[in-house]
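Below you'll find the structure, written out as structure tokens, and then a few comments.
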Protein chains: 2
Amino acid sequence: MPEDAATPKKRKRYSPEERRRMIVEGAIEFFAENGFDGSTHQLAKYIGVTQPLIYQYFPSKEDLIEAVYSELFQGRWNDEWDGILADRSRSLEDRLTDFYQRYCAVIHAPDWIRVFLYSGLKEMDITQRYAPLVEERAIRRICIEARDAFGLPGLDKVPLSHEEFEAAWMLHGGIFYYGVRRFVYRVPVEASTEKLINASVKLYLEGVGGVAKSIGLSVS
Amino acid sequence: MPEDAATPKKRKRYSPEERRRMIVEGAIEFFAENGFDGSTHQLAKYIGVTQPLIYQYFPSKEDLIEAVYSELFQGRWNDEWDGILADRSRSLEDRLTDFYQRYCAVIHAPDWIRVFLYSGLKEMDITQRYAPLVEERAIRRICIEARDAFGLPGLDKVPLSHEEFEAAWMLHGGIFYYGVRRFVYRVPVEASTEKLINASVKLYLEGVGGVAKSIGLSVS
DNA sequence: AGCTTAATTTATCGATTGATAATTGTAAAG
DNA sequence: CTTTACAATTATCAATCGATAAATTAAGCT
């Protein structure tokens with residue numbers, strides 16, 4: 001008969017791999033909600049283990065956060081996405097819609113958006129490396145494909161301008177900001193992610209021709 | 001001759017109003033950098049006062065944060081901005097550019113962007129009230145003026161659609177995201193704020209006509 | 001079953017947290 | 001120059017933080 005009537009408190013033994021996974025996934029949810037300043041004591045309670053157990057799997061809180069960050073962001077950039085953007089057998093509208101549909105399936109989640117912002121605000125070095133990744137493999141590629149789709153000169157003729165970069169960043173930022181509105185400010189959003197992407201891609205494609213013209217690019 | 005050779009430590013007396021202002025402004029910078037979990041001890045050191053002094057001016061840390069939030073966001077929405085957007089004697093491109101130029105002069109600062117995100121993540125109630133303010137006084141107004149500028153039916157004929165709202169939110173989000181890239185992820189941005197706004201407004205105006213057409217709106 | 005390994009817990013540490021009370025010192029009033 | 005009001009300090013608190021060591025117990029092996 002236990003002292004606390006309602007606490008049978010059966011202790012469960014998991015394999016180190018399984019327990020480690022449980023801790024990391026619990027930490028993702030917990031840190032997404034409470035930020036990285038959330039205490040390891042509260043985290044342990046949230047997961048359902050004792051606090052010292054966390055230190056059996058991670059030498060310090062810093063290492064746990066690194067594991068969270070690695071699990072969330074590293075390797076979640078699917079290499080197939082690059083191929084989708086570059087596949088010129090499809091219309092650019094199709095490709096952009098497809099790409100952002102898949103991209104949003106990953107990033108438009110409260111855990112992803114919130115942890116991403118928390119880590120950015122804490123200026124963990126890994127976050128500073130994510131923006132260049134996006135710029136190189138999404139933004140730049142989109143600019144290149146837009147040049148091709150509108151019959152504009154290639155990069156060998158005219159290098160990409162600030163204006164073209166900013167147009168693509170605006171598409172990207174607008175879609176990202178949708179996630180911020182939903183999961184940070186938690187305001188009701190009218191449109192579904194699908195509709196938002198359709199509208200954003202349309203807006204970008206409608207607008208990018210005019211942007212190109214205004215900076216003196218002409219069809220070859 | 002003081003014990004610590006390099007610490008003359010002359011005590012300065014300020015008026016309560018002045019000292020309060022010093023604390024709030026110091027807190028804005030400090031919390032923008034360290035988040036609201038930054039300790040009052042470190043904050044006091046940052047300001048150059050002792051920690052208990054803060055509690056002479058604010059009954060709790062919560063109240064200090066409220067003062068920071070109030071100082072940063074309340075009343076910084078200039079009422080003249082509404083007039084700028086609605087002034088139909090100017091072209092819509094002019095008005096949008098002018099509006100976002102002034103708006104960005106306020107929000108595109110590390111303190112503003114970072115505190116705004118921190119407070120959003122902490123889900124302080126006041127943040128949830130800011131998005132509706134923006135939607136009512138900027139987004140909605142932009143949609144209405146776009147209808148007028150493109151000769152589309154008024155709100156009495158056809159209510160604003162999700163697509164039109166999302167187009168305006170994308171403009172807004174793209175511009176906001178520029179601040180996130182600069183002050184949260186601290187990546188070098190190619191274009192100046194001015195160029196970004198010009199490009200974004202152009203992109204929006206070029207695109208919004210196509211969006212309107214795609215949802216079945218026709219010129220009256 | 002009994003033994004053994006190691007996964008998990010209890011107990012505890014010094015440092016730091018938000019917050020309070022008592023003391024000190026400055027600048028204006030007389 | 002002395003007095004006095006109150007701004008600002010030092011000293012201190014219980015609670016909570018990240019982290020460690022020792023004790024406990026569940027599960028695989030023989």
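Letters A, B, ... are given to chains in the order of the sequence lines, protein chains preceding strands, and every chain is numbered from 1.
- Checked by atom type and distance alone, the side chain of B/Arg76 pairs as donor or acceptor with a backbone atom of B/Leu72 at under 3.5 Å.
- In this entry the distance linking CZ of B/Arg20 with P of D/dA8 reads 14 Å, nearest Å.
- With rounding to whole Å, A/Glu18 atom CD is found 12 Å from D/dA27 atom P.
- Within the nucleic acid shown, B/Ser15 has no heavy atom closer than 4.0 Å to any nucleic acid atom.
- The separation between A/Lys12 atom NZ and C/dT8 atom P is 10 Å, rounded to whole Å.
- With rounding to whole Å, B/Gln56 atom CD is found 13 Å from C/dA19 atom C1'.
- The nearest whole Å value for the distance from the CD atom in B/Glu17 to the P atom in D/dC6 is 13 Å.
- By the 4.5 Å heavy-atom criterion applied to side chains, B/Phe31 and B/Arg114 are not counted as neighbours.
- Atom CG in B/Asp63 sits roughly 9 Å away from atom P in C/dA19 (whole-Å rounding).
- Neither OP1 nor OP2 of D/dT24 sits under 4.0 Å from any side-chain N or O of A/Arg11.
- Between A/Phe116 and A/Trp112, the two ring planes are parallel [angle under 30°; tilted spans 30° to 60°].
- No cation-pi contact links A/Lys61 to A/Phe58, judged by a cut-off of 6.0 Å to the six-membered ring centre and 45° from its axis.
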Look for any protein N or O under 3.5 Å of an N or O in nucleotides 13-17 of chain C and output each such pair with its distance, or none.
residue : atom : partner : partner atom : Å
C/dT17  : OP1  : B/Ser39 : OG           : 3.2

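- Of the residues near DNA chain D, B/Pro52 and B/Pro16, the one whose nearest nucleotide (by heavy atom distance) lies more toward the 5' end is B/Pro16.
- Between A/Lys45 atom NZ and D/dC17 atom C1' the separation is 14 Å, expressed in whole Å.
- Residues B/Arg13 and B/Phe36 both approach DNA chain C. Their nearest nucleotides, taken by heavy-atom distance, put B/Phe36 toward the 5′ side.
- Between the B/Glu206 side chain and the B/Leu203 main chain, no donor and acceptor come within less than 3.5 Å of each other.
- A sub-4.0 Å separation between OP1 or OP2 of D/dA8 and a side-chain N or O of B/Tyr57 is present.
- Between B/Phe31 atom CZ and C/dG18 atom P there is a gap of 8 Å when expressed in whole angstrom units.
- A salt bridge is defined here as a Lys NZ or Arg NE, NH1 or NH2 lying under 4.0 Å from an Asp or Glu carboxylate O, and B/Glu135 with B/Arg140 fails to meet this definition.
- Using a 4.0 Å cut-off between a side-chain N of Lys or Arg and a carboxylate O of Asp or Glu, B/Glu80 and B/Arg137 do not qualify as a salt bridge.
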